[in-house]
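One structure is given below, encoded as structure tokens.
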Protein chains: 2
Amino acid sequence: MQNSEALALAAALLAAAGELTRHINDGVVARGFDGRPAYGFAFTRLAPDGATVTELATHLGVTKQAASQLVDELVRKGYVERRAHPADARARLVVLTGRGWECTRAAEEAAAEAVRAWSDVLGEGEVAVLRDRLVRIAPHGPIRPTW
Amino acid sequence: MQNSEALALAAALLAAAGELTRHINDGVVARGFDGRPAYGFAFTRLAPDGATVTELATHLGVTKQAASQLVDELVRKGYVERRAHPADARARLVVLTGRGWECTRAAEEAAAEAVRAWSDVLGEGEVAVLRDRLVRIAPHGPIRPTW
DNA sequence: ACATATGGTCAAGCTACTTGACCATATGTA
DNA sequence: TACATATGGTCAAGTAGCTTGACCATATGT
């Protein structure tokens, strides 16, 4: 592979990820939720059993302070609650509220909608293959484009 | 595809894109260039013949003011120059300097290096397929994760 | 010729992050 | 036990990189 093709791959990845993220957020907003893209990805970590701020920070690839601020925001908007952690008195368990679950489902619907458009181009099987490859490449990386 | 799998695809895309972007930037910095990830993607638009600020803004998915600020930064660091536009006296053509070309090549090398690691996992052919699929999905989208 | 559109910059403001300091609790070690 | 250190979390302040709004110069259409 030529060097320039590697950069092209990076550009395509960013373009696809950005487009998908935007679609999801638009869909969530269209369904009546006040949010920004980070919410959906926070929710995937908080569901189904909640998570600590530190775990969320790792998942999102930000400092725990930034994650804490995000949780503040989510609490203010009624999507999550801070509860006492059952096994560690220092920690607090952040869990989804009813409305948080609704918003999560809205994000999933919007994501499915966006991916459906890709299936129309590539076919459903190819999209599944694509997902499989991506998961094998970046299985545990933080969900954060950071640029 | 289940709804939650669509979100998983989005997460995998973001994780892969983020990891690749970080690798590229680290590689560029390691080669002695002072930069941030946006530079590389700006360079792909500026090479080979330059571009206007407005074109760059579209490519990066930001306002032209933001693109202009980025160009300021690139000028200050010696990577690009503003020249008179040959066909439009309002516009200015932003072109790479010699050092800008060096930095571009460094970014390409770093990108190739990162992609090589993926080839070790998936095989070179699969990576090429991956790139092909992504290009077909998001051919012209702005290079910007925006979340 | 004039009205409107477009390329670009300047200025100001804001969002989402960072670093640094700090407290409370947990865990390892003598 | 007592103490040192590590970890989870928050508060506060600073900042990078974007935004919106105003404006000028040039181009384009009528």
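Chain letters run A, B, ... following the sequence lines, proteins first, then strands; residues in each count from 1. Below, all heavy atoms of this structure are taken into account, side chains as well, without hydrogens, waters or symmetry copies. These numbers were taken from a predicted model, which means no experiment stands behind them.
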Nearest-nucleotide pick for [X], side chain only, options being [options]:
X     : options               : answer
A:D88 : D:dG8, D:dG17, D:dT10 : D:dG8
A:V62 : C:dG8, D:dG8, C:dC17  : C:dC17
A:A91 : C:dG7, D:dA12, D:dG8  : D:dG8
B:V53 : C:dT9, D:dG8, D:dT26  : C:dT9
B:K64 : D:dT10, C:dT9, C:dC17 : C:dT9

(message) Using Watson-Crick or G-U wobble geometry with both distances under 3.5 Å, which nucleotide pairs with D:dT30?
(response)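 C:dA1 - that is the nucleotide pairing with D:dT30, both distances being under 3.5 Å.
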
(request) For D:dG8, give its Watson-Crick or G-U wobble partner with both distances under 3.5 Å, or none. (result)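 Partner of D:dG8: C:dC23.
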
(request) Keeping to residues at least two apart or across chains, list the salt bridge (charged side-chain N to carboxylate O under 4.0 Å, His left out) pairs with something in residues 49-70 of chain B. (result)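 Sorted result for residues 49-70 of chain B: B:R45-B:E55.
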
(request) Report the relative orientation of the aromatic rings in B:Y79 and B:F33; use parallel for angles under 30°, tilted for 30 to 60°, perpendicular for over 60°. (result)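 Judged by the thresholds at 30° and 60°, the geometry between B:Y79 and B:F33 is tilted.
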
(request) For A:D26, enumerate each residue passing the side chain to side chain donor-acceptor pair (under 3.5 Å) test, keeping only those at least two apart in sequence or located in another chain. (result)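 Checked A:D26 against side chain to side chain donor-acceptor pair (under 3.5 Å); zero matches.
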
(request) Map A:Q65 and A:R90 onto DNA chain D by nearest heavy atom, then report which one ends up closer to the 5' terminus. (result)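 First, find each residue's nearest nucleotide; the 5'-ward one identifies A:R90.
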
(request) Pick base, sugar-phosphate or nothing for A:T63, based on heavy-atom distances below 4.0 Å to the nucleic acid. (result)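 Base contact.
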
(request) Please work out if A:T52 contacts a base, only the sugar-phosphate, or nothing of the nucleic acid, heavy-atom cut-off 4.0 Å. (result)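 Counting heavy atoms under 4.0 Å across all strands, the contact made by A:T52 is with sugar-phosphate only.
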
